[in-house]
Number of protein chains: 2
Amino acid sequence: MAEILNISRKEQIVNVAAKLFKQKGFVATSMRDLAAELGIEAASIYYHFKSKEELLEKICFDMADKFITNAREVNDIYFNAEEKLRMAIKFHVETITENQNQSSVFLSEWRNLSEPKFALFKQLRQQYENQFTIILADGEKEDIFDDVDKKFAVLSILSTINFINEWYKPEGKMNASEIAEKLSNFIMGGLRKRLVTDR
Amino acid sequence: MAEILNISRKEQIVNVAAKLFKQKGFVATSMRDLAAELGIEAASIYYHFKSKEELLEKICFDMADKFITNAREVNDIYFNAEEKLRMAIKFHVETITENQNQSSVFLSEWRNLSEPKFALFKQLRQQYENQFTIILADGEKEDIFDDVDKKFAVLSILSTINFINEWYKPEGKMNASEIAEKLSNFIMGGLRKRLVTDR
DNA sequence: GCCATTGCCTAACAAATGTTAGACAAATGT
DNA sequence: ACATTTGTCTAACATTTGTTAGGCAATGGC
């Protein structure tokens with residue numbers, strides 16, 4: 001059954017799964033829900049995937065890959081820390097806005113993974129966080145950023161840039177780049193008005 | 001069956017429910033899980049609550065109450081906007097750290113509410129967000145805060161202060177006040193180092 | 001023209017789910 | 001002393017769940 005525009009049935013299933021997992025949560029989404037949305041029977045999904053959890057794994061780890069690859073790329077390109085952070089934020093926001101459903105699953109449904117994938121996933125997430133820690137440390141060395149509690153700062157940054165996932169609508173007035181810029185400004189400069197421009 | 005230290009069985013059930021809902025999610029927590037943790041049978045819970053969802057409702061709306069009451073209080077006391085924001089953040093962090101389990105449920109499990117409670121809950125959450133919008137608007141009038149996109153700023157602030165719920169451990173080195181102060185500083189001032197102190 | 005593969009189907013399964021009915025014992029009030 | 005309330009139990013229910021087995025039609029290579 002040739003699918004439109006060479007998107008394979010496997011990918012199609014993953015996409016619909018991500019959509020439903022975001023909408024109702026992984027546990028609350030049944031294989032029959034999924035099948036109905038695809039216009040097939042639940043059992044048919046098992047021709048493509050060997051379990052419900054395999055779907056979750058695919059989504060979570062594919063997204064983890066994307067995020068980590070992005071962050072590594074940013075840290076490999078040699079810029080100053082502020083540019084790095086802005087780039088990392090931009091990539092992050094782009095990845096989320098371009099893969100809203102999968103990102104949601106990556107961000108909130110991974111806890112339904114069971115061991116050993118659960119532990120593995122947490123490692124990958126840690127790796128991603130580490131890339132941000134590196135950027136902040138760079139910024140400190142370059143005397144651009146304040147000497148902040150880095151773990152604290154990284155988590156604050158990530159929580160801020162992740163939250164867009166809960167309100168971003170593609171029809172909205174801001175595109176990914178604009179959001180990323182606003183977020184970067186907010187994270188760098190905070191709310192408070194300045195009497196003198198910095199740097 | 002007199003419970004230790006006048007905490008009623010009803011409260012006990014709610015507490016254990018919150019703990020499990022946080023741990024495994026509302027959907028993945030069965031009434032039998034809950035009962036086992038309480039040392040009773042699943043059917044016995046129905047003497048105290050008429051459904052599983054009633055437990056979720058109780059937790060979500062009780063917490064909504066707490067948050068809103070706090071925020072209103074802050075806005076009623078007449079201080080300048082920066083103080084208001086710091087106070088609001090402090091109350092928020094305190095509420096989360098003092099009610100970790102229930103806060104988790106409030107923050108992530110409310111989507112399992114069904115109508116009409118679902119809509120009602122979203123209204124309450126909106127009310128809470130509005131209190132922050134008011135503070136930001138005050139700050140602008142007082143020329144303390146930048147003229148930011150307020151909806152954007154409020155969501156950023158809330159996402160930042162909510163995220164502590166995912167890593168805060170009572171045994172950790174920071175207490176609620178310290179966390180609140182750090183968060184406030186971060187939100188007000190951002191990461192970037194300043195050449196001249198503001199204000 | 002045949003055979004293997006692909007992709008789906010129907011039917012069924014055991015297990016787990018939320019919930020109800022009804023019984024029983026202890027505590028409480030009068 | 002009796003009646004009621006309180007809090008739990010056992011047993012059962014209908015439904016939903018993830019998953020498997022086996023079959024059937026279309027497709028594509030040779």
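The basis for the numbers below is simple: all heavy atoms, side chains too, and nothing from hydrogens, waters or symmetry mates. Chain letters run A, B, ... following the sequence lines, proteins first and then strands; every chain starts at 1.
- Pairing for C:dT30 goes to D:dA1, judged as Watson-Crick or G-U wobble with the two contacts each under 3.5 Å.
- Straight-line distance from the NZ atom of A:Lys52 to the P atom of D:dT16: 15 Å, rounded to whole Å.
- Between B:Glu53 atom CD and C:dT19 atom C1' there is a gap of 14 Å when expressed in whole angstrom units.
- Taking only distance into account, the side chain of A:Arg9 never meets the base of C:dG7 through a donor-acceptor pair shorter than 3.5 Å.
- Salt bridge B:Glu178/B:Lys182: absent, no basic N to carboxylate O contact under 4.0 Å.
- Salt-bridge annotation for B:Glu37 and B:Lys19: present, with a side-chain N of the basic residue lying under 4.0 Å from a carboxylate O of the acidic one.
- Base pairing of C:dA12: its partner is D:dT19, meeting the Watson-Crick or G-U wobble criterion (both donor-acceptor distances under 3.5 Å).
- Residues of residues 17-27 of chain B that place a heavy atom closer than 4.0 Å to DNA chain C do not occur.
- Nearer the 5' end of DNA chain D, as judged by each residue's closest nucleotide, is the contact made by A:Ala28, out of A:Lys50 and A:Ala28.
- In this structure, the CE atom of B:Met31 is 16 Å from the C1' atom of D:dC9, given to the nearest Å.
- Within a 6.0 Å radius of NZ in B:Lys90, other residues, nucleotides and ligands contribute 12 heavy atoms or fewer.
- Between B:Arg32 and B:Ile13, the one whose closest nucleotide on DNA chain D sits nearer the 5' end is B:Ile13.
- Computed from coordinates, the A:Leu34 CG to D:dT16 P distance equals 18 Å when rounded to whole Å.
- Residues of residues 40-49 of chain A that place a heavy atom closer than 4.0 Å to DNA chain C, in numerical order, are A:Ile40, A:Glu41, A:Ala43, A:Ser44, A:Tyr47, A:His48.
- Defined by atom type and a distance below 3.5 Å, a donor-acceptor pair is missing between the side-chain atoms of B:Asn15 and B:Glu11.
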